[in-house]
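Right, one structure below, let's go through it.
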Amino acid sequence: MRLFACLALVASLAAPATTVFASSDAALHPWVAAPARLQPGAHFTNLADGDSVESPFVVKFGLTLRGLVPAGMTAGKAGHHHLLVNQPLPLDFKKPLPFTDKYMHFGKGQMETVLDLKPGTYQLRLLLADQGHIPDFVFSKPVSITVTRQRSGVTTQSVQGAPRIELLSPADGSTVRDAFRVLFHASGHNVSHQAAKAAGTGHFRLIAERRGAKPEVIAFPAGQTEAWLEPPTGDYQFKLELVSNTDGSVMASSTPVRVRAENSREVLKLVQR
């Protein structure tokens with residue numbers, strides 16, 4: 001995996017600083033860096049172990065080194081999320097996951113759900129599976145949460161809000177150093193590998209602008225929902241777009257995020273001169 005990441009980065013350095021559509025599941029661009037964690041995995045982007053919440057509440061899904069594709073479709077190494085509630089990982093990874101309230105399937109390419117659980121303690125875990133709901137060895141650590149109360153008269157729509165896409169990280173106005181993770185999220189929209197051409201789905205595209213330079217456009221056609229970037233030092237405005245997998249139109253755009261990037265490699269090069 002380390003060798004692949006290095007070769008991908010070296011190959012990308014020879015490409016022009018414009019949109020690069022990769023044939024593999026990794027977007028190739030001069031700014032794309034190898035992630036800190038070199039093993040595929042799932043994670044929750046808005047929950048941490050030990051959290052207390054009021055029900056109903058939103059659960060947001062994250063995915064590292066993999067992409068999304070709807071159930072029943074195959075493209076690259078992409079899959080779709082499953083949420084396990086008070087359930088361990090299956091003992092047999094060759095059998096399809098059951099359809100119960102303990103094994104929740106998100107076969108449209110969703111990145112979140114709303115849970116309405118009674119007060120109590122619950123263990124949640126994400127598990128990726130293929131087109132036939134056969135689990136992959138891509139899963140999250142278990143997260144234990146406590147539901148303190150169950151609110152009445154609260155609708156799913158009021159909890160989720162309007163359909164949108166957003167950059168969960170880095171935060172607006174933050175300073176980042178060297179390689180940093182950029183988290184994408186879609187609420188009310190479905191994400192998929194472009195090759196599947198699934199109707200009603202899109203893939204993410206990140207636009208980075210800085211004064212005096214041509215905008216950098218980085219596409220993530222393999223259904224990726226995060227990236228690690230290492231841009232040159234500068235002040236940037238990042239904007240995320242969701243691009244239709246059927247007609248190429250922009251389905252949604254995020255609120256721009258302003259970020260200061262500091263690259264220590266550039267400083268090292270100046271010192272060595």
Side-chain angles (χ1 to χ4, degrees), residues 21-22 25 27 40-47 56-84 96-97 99 103-115 124 126-136 138-140 155-169 182-207 218-227 239-255:
F21 293 96
D25 281 359
H43 56 94
F44 298 99
T45 60
N46 70 327
L47 291 177
F57 61 98
V58 176
V59 181
K60 297 181 179 181
F61 316 146
L63 192 58
T64 300
L65 286 174
R66 283 291 188 273
L68 294 176
V69 70
M73 297 183 173
T74 179
K77 296 181 179 179
H80 64 283
H81 284 296
H82 296 76
L83 178 61
L84 279 56
L97 295 170
F99 283 78
Y103 293 88
M104 300 182 181
H105 295 239
F106 300 94
K108 296 180 180 180
Q110 304 99 310
M111 291 188 66
E112 70 176 28
T113 190
V114 173
L115 295 183
L124 307 179
L126 288 171
L127 175 61
L128 200 71
D130 68 7
Q131 70 271 19
H133 308 286
I134 304 295
D136 197 349
V138 179
F139 47 83
S140 72
T155 65
T156 295
Q157 184 175 4
S158 67
V159 174
Q160 279 187 305
R164 65 196 182 278
I165 64 171
E166 55 190 321
L167 285 164
L168 298 181
S169 177
V182 184
L183 291 176
F184 318 146
H185 187 72
S187 178
H189 294 282
N190 300 323
V191 179
S192 173
H193 196 301
Q194 186 182 37
K197 298 188 182 302
T201 69
H203 63 274
F204 287 115
R205 181 167 68 192
L206 185 67
I207 301 173
I218 310 173
F220 299 92
Q224 304 100 311
T225 61
E226 69 173 50
K239 185 176 73 172
L240 191 65
E241 294 181 337
L242 188 66
V243 181
S244 170
N245 285 324
T246 54
D247 62 17
S249 63
V250 177
M251 302 170 66
S253 299
S254 74
T255 299

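The chain is numbered in sequence order, starting from 1.
For the atom pair NZ of Lys239 and CD1 of Ile165, the computed distance is 9.5 Å after rounding to the nearest 0.5 Å. Atom CG of Leu97 sits about 6.5 Å away from atom CG of Leu84, to the nearest 0.5 Å. The structure places CG of Leu206 at 5.5 Å from CD1 of Ile218, a figure rounded to the nearest 0.5 Å. Distance check, rounded to the nearest 0.5 Å: CG of Leu128 to CG of Leu68 gives 7.0 Å. The line from CG of Leu83 to OH of Tyr103 is 11.5 Å long, rounded to the nearest 0.5 Å. To the nearest 0.5 Å, atoms CG (Leu183) and OG1 (Thr45) are separated by 6.5 Å.
Judged purely by distance below 3.5 Å, without hydrogens or angles, the side chains of His193 and His203 never pair a donor atom with an acceptor atom.
Remark: side-chain polar atoms of Gln157 are not paired, donor with acceptor, to backbone N or O of Thr155 under 3.5 angstrom. Looking only at distances, a side-chain donor or acceptor of Asn46 sits under 3.5 Å from a matching main-chain atom of Val58. Checking side-chain atoms of Ser140 against main-chain N and O of Ala42 turns up no donor-acceptor pair under 3.5 Å.
The side chain to side chain donor-acceptor pair (under 3.5 Å) check on Thr201 picks up Asn245, with sequence neighbours excluded. Residues meeting the side-chain contact (heavy atoms from CB on, under 4.5 Å) test with Thr64, sequence neighbours left out: His43, Arg181, Glu226. With sequence neighbours excluded, the residues that form a side-chain contact (heavy atoms from CB on, under 4.5 Å) with Pro163 are His189. Legend: residues meeting side chain to side chain donor-acceptor pair (under 3.5 Å) with Thr246, ordered by chain and number and at least two apart, are Ser244. Judged as a ring pair (Phe, Tyr, Trp, His ring centres under 6.0 Å), and not counting sequence neighbours, the contacts of His81 are Phe61. Every residue meeting the side-chain contact (heavy atoms from CB on, under 4.5 Å) condition with Thr156, not counting sequence neighbours, appears here in chain and number order: Val114, Gln160. Applying the side-chain contact (heavy atoms from CB on, under 4.5 Å) criterion to Val250, with sequence neighbours excluded, gives Arg205, Glu241, Ser253. Evaluation of the ring pair (Phe, Tyr, Trp, His ring centres under 6.0 Å) rule for Phe204 yields Phe184 as partners, not counting sequence neighbours.
Note on residues 155-167: pairs passing salt bridge (Lys or Arg N to Asp or Glu O under 4.0 Å), not counting sequence neighbours, are Lys60-Glu166, Arg164-Glu166. Within the structure, no pair that satisfies the salt bridge (Lys or Arg N to Asp or Glu O under 4.0 Å) test touches residues 105-114, not counting sequence neighbours.
Centroid-to-centroid, the aromatic rings of His105 and Phe99 come within less than 6.0 Å.
The two atoms that bring Pro40 and Arg66 nearest to each other are CG-NH1, 3.4 Å, heavy atoms only. Between Ala222 and Ala78, the closest heavy-atom pair is O-CB, 4.5 Å. Residues Leu242 and Val191 come closest through the heavy atom pair CD1-CG2, 4.3 Å. When all heavy atoms are compared, the tightest approach of Val159 to Pro56 is CG2-CG, 3.9 Å. His185 and Leu240 make their closest contact through N-CD2, 4.4 Å (heavy atoms, listed as atom of the first residue, atom of the second, distance). Taking both residues in full, the closest heavy atoms of Ala129 and His82 are given as CB-CE1, 3.1 Å, listed atom of the first, atom of the second, then distance.
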Begin from the C-alpha positions of Asp130 and Thr74 and carry the test side-chain contact (heavy atoms from CB on, under 4.5 Å) through to its verdict. CA-CA 7 Å; Asp130 68 7; Thr74 179; over 6 Å; no
